[in-house]
Novice: 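Let me begin by handing over the structure; questions about it come next.
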Amino acid sequence: GDVPGTPPPPPAPSGTLLLGVATALTGGQATFGISTRNGIELAIKEANAAGGVKGQKLAMKVYDNQGKPEESAQAVSRLITQDKVLVILGDVASSNSLAMAEKAQPAGVPMISPSSTNPAVTEKGDYIFRVCFIDPFQGFVMAKFARDALKAANVAVLQDNKSAYSIGLTEVFVRKFTEMGGKITATESFSQGDTDYRAQLTAIKKTQPDAIYVPGYYSEVGIIARQARELGLKVPLLGGDGWDSEKLFELGGTAIQGSYFSNHYSPDNQEPRVQKFVADYKAAYGGVPDALAALGYDAANVAIDALKRAPDTSGPAVRDAIAQTKNFPGIAGTITLDDKRNAVKSAVVLKVGDGKAEFVTTVNP
Ligand code: PHE
């Protein structure tokens, strides 16, 4: 029986392997973060239903970075020192991931960005990975599409000069489009959160472009499309993955229809594993998963696979296991990490339709 005065035994160790997530759940990038979190959560649920990893269950700790680099850095510090996570997943916007990588790398905690495409992110060090392609490829894809498919000769650019993503993508697009014999008629800038783009669009209109490249995020692009049409600019807008949000259709209305953007995946892909993911995601969250959801799911699965293969859960062991990821069947393509810790994958071009982005073509690297 009980010995009087003996304290109760300590609770059993919780036995969870914790993944840390820092992403935007509020602000102008909120749909990016919500989709990413959902994708990660779905991957964790499935892994736990299949028995977990190393006899333990997986769990996640999520912080809202509000779409800001400073908050992203703070969130990562908290995930590392307070929550002692094994792997960090995030973020979407490259400017946030750059700030996060600066904390994760010196701490020796592996970080996988699902969807940041700026090359500098994984250049922060050997603990920083991504499961998506990079912008030198994405910029090439849209330059080639503009030249070959749309037969555009003259294109104007409207970039976000506070976003590492937008600046990087502009640089590649301009270089590639020019190399292909096209001409850039104007380069105008805005800053995240602006609401009036009429001055820049008026300057662009004077140069009579065949299309306008707008490598921004959905919250600004939707408004830019409306203001362009109000000013009588009827040419298509072209963009990158940052357009991917159901909010784009709402903000852009009919003004954004007929425009094109490059992206990581199309939910119309008929491969069985993609269709299973789309169905499971719909059942859990009630909407068609965007590329962020697919890449969040893929990043979490790559982390889970590495935790299974690693001899132990220390930072160096998990880092090495992630680095060895090969032919991993992701939803947004097969993932093999190269020696720069990037995934080399194909891109899709989508056309904005009525409340939906329609698949146009796939471009291989
Ligand atoms: N690639 C963008 C960036 O690096 C983020 C993004 C990815 C946005 C996919 C939407 C879809 O900033």
Side-chain angles (χ1 to χ4, degrees), residues 22-25 27-40 65 67-69 72 89-101 111-124 128-142 159-173 191-192 213-222 239-249 251-252 260-267 288-299 330-333 341-343 345-350 352 357:
T23 194
L25 303 176
Q29 300 163 17
T31 72
F32 291 168
I34 292 165
S35 291
T36 301
R37 183 199 57 194
N38 292 348
I40 294 169
N65 67 19
K68 295 175 189 158
S72 304
L89 300 172
D91 186 21
V92 175
S94 289
S95 294
N96 300 337
S97 293
L98 286 165
M100 289 167 60
M111 168 177 147
I112 306 175
S113 168
S115 43
S116 288
T117 46
N118 185 280
V121 172
T122 46
E123 287 165 7
K124 291 282 176 195
I128 316 300
F129 300 86
R130 81 180 98 218
V131 295
C132 57
F133 54 63
I134 56 175
D135 286 333
F137 175 60
Q138 179 171 209
F140 158 80
V141 166
M142 200 35 89
Q159 69 163 357
D160 178 347
N161 63 10
K162 291 266 162 58
S163 153
Y165 161 73
S166 192
I167 295 165
L169 206 43
T170 295
E171 193 267 320
V172 180
F173 179 88
S191 301
Q192 196 179 105
Y213 191 56
V214 192
Y217 296 146
Y218 66 93
S219 31
E220 286 89 21
V221 171
D241 53 359
W243 286 25
D244 189 14
S245 171
E246 60 185 19
K247 288 260 183 229
L248 181 76
F249 311 114
L251 292 167
Y260 298 89
F261 65 106
S262 51
N263 205 1
H264 303 266
Y265 120 113
S266 163
V288 176
D290 54 20
L292 292 313
L295 288 167
Y297 180 82
D298 286 354
I331 299 307
R341 300 170 299 284
N342 300 320
K345 301 158 84 183
S346 54
V348 295
V349 176
L350 304 177
V352 183

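Whatever order the structure lists ligands and atoms in, that order sets their numbers, starting from 1. Note that these values count all heavy atoms, side chains included, but never hydrogens, waters or copies made by symmetry.
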Novice: Just by distance, do the side chain of Ser116 and the backbone of Val92 share a donor-acceptor pair under 3.5 Å?
Specialist: yes
Novice: Any idea how Tyr218 and Phe32 line up, ring-wise: parallel (<30°), tilted (30 to 60°), or perpendicular (>60°)?
Specialist: perpendicular
Novice: Of the protein's non-hydrogen atoms, which lies at the shortest distance from atom 10 (C) of ligand 1, and what is that distance?
Specialist: Asp241 O, 2.9 Å
Novice: Identify, by atom number and element, the atoms of ligand 1 in contact range of Gly242, meaning under 4.0 Å from any of its heavy atoms.
Specialist: 8 (C), 10 (C)
Novice: Dump the intermediate steps for side-chain hydrogen bond (donor to acceptor under 3.5 Å, both in side chains) on Asp91 and Thr23, then the final yes or no.
Specialist: CA-CA 5 Å; Asp91 186 21; Thr23 194; 2.5 Å; yes
Novice: Heavy-atom pairs closer than 4.0 Å: do any link ligand 1 to the side chain of Phe32, the backbone, both, or neither?
Specialist: side chain
Novice: Closer than 4.0 angstrom: is that true for some heavy atom of Tyr217 and an atom of ligand 1?
Specialist: yes
Novice: I want to know if ligand 1 touches His264 in the polar sense, i.e. an N/O pair below 3.5 angstrom.
Specialist: no
Novice: Given Thr36, Asp91, Val92, identify the one with the heavy atom nearest to atom 6 (C) of ligand 1.
Specialist: Val92
Novice: Is the backbone of Asn263 close enough, under 3.5 Å, to the side chain of Asp241 for a donor and an acceptor to pair up by distance?
Specialist: no
Novice: Could you tell me whether Asp290 approaches ligand 1 through its side chain, its backbone, both or neither, with non-hydrogen atoms closer than 4.0 Å?
Specialist: neither
Novice: Does any N/O atom on Asp244 come nearer than 3.5 Å to any N/O atom on ligand 1?
Specialist: no
Novice: Could you see which bit of Ser115 sits under 4.0 Å from ligand 1, with heavy atoms only: side chain, backbone, both or neither?
Specialist: both
Novice: Between Lys247 and Gly28, is there a donor-acceptor pair closer than 3.5 Å when you use the side chain of the first and the backbone of the second?
Specialist: no
Novice: Mark yes or no for whether Asp290, through its side chain, and Ala293, through its backbone, hold a donor-acceptor pair below 3.5 Å.
Specialist: yes
Novice: I want to know if ligand 1 touches Ser116 in the polar sense, i.e. an N/O pair below 3.5 angstrom.
Specialist: no
Novice: Under 4.0 Å from any heavy atom of Ala93, which atoms of ligand 1 are there?
Specialist: 12 (O)
Novice: In a check of ring pair (Phe, Tyr, Trp, His ring centres under 6.0 Å) between His264 and each of Tyr297, Phe133, Trp243, which one passes?
Specialist: Phe133
Novice: Quick one: which ligand 1 atoms are inside 4.0 Å of a heavy atom on Leu292?
Specialist: 7 (C), 9 (C), 10 (C), 11 (C)
Novice: Assign the ring pair Tyr213 / Phe173 to parallel, tilted or perpendicular, where the plane angle (0 to 90°) is split at 30° and 60°.
Specialist: parallel
Novice: Under 4.0 angstrom from ligand 1, any heavy atom of Gln138?
Specialist: no
Novice: To the nearest 0.5 Å, how far apart are CE in Met100 and NZ in Lys124?
Specialist: 13.0 Å
Novice: Can you tell me which residue and heavy atom of the protein come closest to atom 4 (O) of ligand 1, and the distance to 0.1 Å?
Specialist: Ser94 OG, 2.5 Å
